[in-house]
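A short write-up of the structure that comes next.
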Amino acid sequence: MLVAYVFGILFKVIEVYMLLLGVYALMSWFPGAYQTTLGGWICYFVEPLLKPFRKLNLRFGVVDITVLVVFAALNFVRYLLLQLYAMIFTLW
């Protein structure tokens, strides 16, 4: 079924993006990690999604929870996709 493949691809894309977010967050612990080639590529893929959430000003002192909020939002989108997938396949 084509619908199952599309949902499978969407789930994998969200999982990979969540993994990239985790690596992005861990890179903040290492000075200069963002300036490496790998760090540049990770920033290239992660920053476009983080940019709208940064406007919410989720920084409390020195702690920035923007990545955590984006991670939770992706989890919520994954949950909605799973519910939609279940609803589609129970109707067939």
Q) Has the side chain of Tyr17 got a donor or acceptor atom that lies under 3.5 Å from a matching backbone atom of Phe45? A) yes
Q. Are Phe76 and Val67 in one and the same hydrophobic cluster, where Ile, Leu, Val, Met, Phe, Trp and Tyr link if side-chain heavy atoms are under 4.5 Å apart?
A. no
Q. Quick one: do Val23 and Val13 end up in the same hydrophobic cluster if we chain Ile, Leu, Val, Met, Phe, Trp and Tyr together by side-chain heavy atoms under 4.5 Å apart?
A. no
Q. In the single-linkage hydrophobic clustering (I, L, V, M, F, W, Y; side-chain heavy atoms under 4.5 Å), do Tyr79 and Leu10 co-cluster?
A. no
Q.
For Leu81 versus Phe7, what's the shortest heavy-atom pair and its separation?
A. O-CE2, 3.5 Å
Q. Thr36 and Gly39: which non-hydrogen atoms are nearest, and at how many Å?
A. OG1-N, 3.0 Å
Q) Applying the 4.5 Å side-chain criterion to the ILVMFWY set and letting contacts propagate, would Met27 and Val62 be lumped into a single cluster? A) yes
Q: With the side chain counted from C-beta on, respond yes when Arg59 and Asn57 share a heavy-atom pair under 4.5 Å apart, and no when they do not.
A: yes
Review item, side-chain donor-acceptor pairs of residues 82-89, under 3.5 Å, at least two apart:
none

Q.
Using side-chain heavy atoms (C-beta onward) and a distance below 4.5 Å, is Leu50 in contact with Leu21?
A. yes
Q) Are the aromatic ring centres of Tyr34 and Tyr24 under 6.0 angstrom apart? A) yes
Q: Could you pull out the closest heavy-atom pair between Leu74 and Ile14, with the gap in Å?
A: O-CG2, 3.9 Å
**Q.** Atom of Pro48, atom of Cys43 and distance for their closest heavy-atom approach
**A.** CD-O, 4.1 Å
Q | Co-membership, hydrophobic cluster, residues Leu68 and Trp29, 4.5 Å side-chain | A | no
Q: Kindly compute the distance separating CZ (Arg78) from CD (Glu15), expressed to the nearest 0.5 Å.
A: 6.0 Å
